[in-house]
J.: 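Sharing a structure, written as structure tokens. Questions coming.
Owing to the predicted nature of the structure, the values given are computational and were not obtained by experimental measurement. Numbering of ligands and ligand atoms starts at 1, following listing order.
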Amino acid sequence: MSTEPQTAILKRALVTGGAGGLGREVAVQLASRGCAVGIADINAAGTAETARLVREHGAEAAEIVGDFTLEDAPDAAVQAIVDRWGGIDVLVNNAGYGVIEPFLDASYTSWTRTLALNVTALAMACKAAGRVMRDQRSGRIVNITSPGSRMALPDYTAYTASKAGVDSITRAAAVALAPYGVLVNSLAPGMMDTEMQRSTEIDLARVNGRDDLQAFLDERTSRVPLGRRAEVSEVAGAVVWLCLDAPDYMTAERLNMSGGLDKD
Ligand SMILES: NC(=O)c1ccc[n+]([C@@H]2O[C@H](COP(=O)([O-])OP(=O)(O)OC[C@H]3O[C@@H](n4cnc5c(N)ncnc54)[C@H](O)[C@@H]3O)[C@@H](O)[C@H]2O)c1
């Protein structure tokens with residue numbers, strides 16, 4: 001007897017970096033809307049847990065575990081979705097990496113690792129999914145960028161430069177895929193208290209000589225015009241809106257979910 005859920009699949013989705021944080025919440029919300037969801041992440045245990053949550057919502061899940069920066073990984077992940085479900089309707093490029101390092105102490109390794117995931121792998125995933133979506137004449141890609149892409153952050157330059165790359169790739173991919181009715185947009189989340197954000201801010205406090213971590217965090221939060229950090233669930237809701245509900249005429253856009261932080 002088949003153990004697969006009996007409900008019809010609304011859309012076939014791939015979420016990179018889905019083992020936790022924003023990616024997990026996006027995967028679960030897509031599942032609750034009836035999508036089959038592939039989760040690509042380097043963290044096997046986190047991927048398995050997200051897949052369990054997706055199935056708990058009555059949806060099908062595919063676990064794609066591995067380092068997404070390896071040359072063939074984006075192609076292989078997209079192919080896994082096509083092999084399993086016959087096509088791909090939604091790609092969320094959410095996997096991200098960043099290191100706090102004062103600009104004058106920056107290492108080659110940090111720069112290469114950051115750009116390999118946030119820029120090169122993201123571009124290759126857009127290309128791989130874009131080719132399938134071109135042939136289908138439908139599909140939506142959402143790239144996760146950051147308010148940092150438009151800021152001068154000397155302790156976080158590889159990351160902010162990589163996210164400026166995401167903005168550039170989003171616009172180029174949107175134009176390349178527009179003739180086929182495929183939409184490409186990005187979303188810039190504000191500060192969300194995920195694993196990545198927590199370790200980044202601890203390191204940021206350290207390089208700035210701050211040992212009063214909570215006061216440091218409160219100061220950063222107070223810079224958000226809405227006066228609070230973003231809930232992962234509300235940011236994920238906006239990602240899912242771009243994936244499933246945004247108008248067909250919306251492409252090459254950047255949606256800011258930053259509580260007004262990214263206002264200029
Ligand atoms: N948290 C925030 O405040 C914030 C703000 C702006 C933008 N973002 C962006 O949101 C996205 C999600 O971040 P998050 O805050 O949920 O962090 P997170 O650390 O919870 O998620 C990142 C995921 O990427 C995966 N990953 C890292 N390296 C990988 C690799 N080489 N191959 C495959 N997977 C890999 C991690 O295992 C993790 O599951 C990122 O693109 C991040 O830059 C986050």
J.: Please list, in number order, the atoms of ligand 1 under 4.0 Å from a heavy atom of G21.
T.: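 Within the 4.0 Å cut-off of G21, ligand 1 contributes 16 (O), 20 (O).
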J.: Short list, please: which atoms of ligand 1 are under 4.0 Å from a heavy atom of A19?
T.: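 Counting atoms of ligand 1 from 1, those under 4.0 Å from A19 are 39 (O).
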J.: Among residues at least two apart in sequence or on other chains, which ones pass side chain to side chain contact (heavy atoms under 4.5 Å, CB included) with E195?
T.: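 Counting only residues at least two positions away or on another chain, E195 forms a side chain to side chain contact (heavy atoms under 4.5 Å, CB included) with R198.
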J.: Side-chain donor-acceptor pair under 3.5 Å between N94 and T16, yes or no?
T.: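 Distance-only check fails for N94 and T16.
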J.: May I ask whether G190 places a heavy atom under 4.0 Å from ligand 1?
T.: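 Contact present.
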J.: Quick test: of every protein heavy atom, which one is nearest to atom 10 (O) of ligand 1, and how far off is it to 0.1 Å?
T.: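 Residue, atom and distance for the closest contact: I144 CG2, 3.4 Å.
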J.: Nearest heavy atom to atom 30 (C) of ligand 1: which of D67, L187, L261 does it belong to?
T.: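 The residue whose heavy atom sits nearest atom 30 (C) of ligand 1 is D67.
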J.: Applying a heavy-atom cut-off of 4.0 Å, say which part of Y97 lies close to ligand 1: side chain, backbone, both or neither.
T.: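 Looking at Y97 and ligand 1, no heavy atom falls under 4.0 Å.
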J.: S162 and N118: side chain to side chain donor-acceptor pair (under 3.5 Å), yes or no, with the steps?
T.: CA-CA 6 Å; S162 76; N118 299 5; 3.0 Å; yes
J.: Considering only protein heavy atoms, which is closest to atom 37 (O) of ligand 1, and at what distance to one decimal place?
T.: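 Looking only at protein heavy atoms, the one closest to atom 37 (O) of ligand 1 is D41 OD1, 2.6 Å.
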J.: Taking only heavy atoms of G66 into account, list the atoms of ligand 1 that are under 4.0 Å away from them.
T.: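 Heavy-atom distances to G66 below 4.0 Å select 32 (N), 33 (C).
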J.: Go through ligand 1 atom by atom and flag the ones less than 4.0 Å from a non-hydrogen atom of F68.
T.: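 Listed by number with element: 30 (C), 31 (N), 32 (N), 33 (C).
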J.: Using only heavy-atom distances, determine whether the side chains of R254 and S149 contain a donor-acceptor pair under 3.5 Å.
T.: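 Per modelled atom types, R254 and S149 side chains form a pair under 3.5 Å.
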J.: Going by the atom numbers of ligand 1, which of them fall below 4.0 Å from some non-hydrogen atom of M191?
T.: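 So the answer, numbered in order with elements, is 3 (O).
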J.: What is the minimum heavy-atom distance between W111 and A106, and which atoms define it?
T.: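 Heavy atoms only, the tightest pair is NE1-CB, 3.6 Å.
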J.: Give the residue, atom name and distance (to 0.1 Å) of the protein heavy atom nearest atom 2 (C) of ligand 1.
T.: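 The protein heavy atom lying closest is Q197 OE1, 3.4 Å.
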J.: When N143 is tested against each of D167, N185, N93 for side chain to side chain donor-acceptor pair (under 3.5 Å), which residue passes?
T.: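 The side chain to side chain donor-acceptor pair (under 3.5 Å) with N143 is passed solely by N93 among D167, N185, N93.
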J.: So which bit of L117 gets within less than 4.0 Å of ligand 1, heavy atoms only: side chain, backbone, both or neither?
T.: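 Just the side chain.
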J.: Check the side chains of N208 and R206 for a donor-acceptor pair under 3.5 angstrom, ignoring hydrogens and angles.
T.: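 There is no such pair (donor and acceptor under 3.5 Å, judged by atom type) between the side chains of R206 and N208.
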J.: Which heavy atom of the protein is the closest neighbour of atom 17 (O) of ligand 1, given with residue, atom name and distance?
T.: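 Among all protein heavy atoms, the one nearest atom 17 (O) of ligand 1 is M196 CB, 3.1 Å.
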J.: Quick check on contacts: which atoms of ligand 1 are under 4.0 angstrom from a heavy atom of T145?
T.: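 Taking each heavy atom of T145 in turn, ligand 1 has 7 (C) under 4.0 Å.
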J.: For ligand 1, indicate whether the residue T194 contacts it via side chain, backbone, both or neither (heavy-atom separation under 4.0 Å).
T.: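 Just the side chain.
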J.: Output yes when the distance from some N or O of ligand 1 to some N or O of N43 is under 3.5 Å, and no in every other case.
T.: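 In this structure, N43 places no N or O atom under 3.5 Å from an N or O of ligand 1.
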J.: Which ligand 1 atoms does L22 reach within 4.0 Å, using its non-hydrogen atoms?
T.: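 Ligand 1 atoms under the 4.0 Å threshold to L22: 16 (O).
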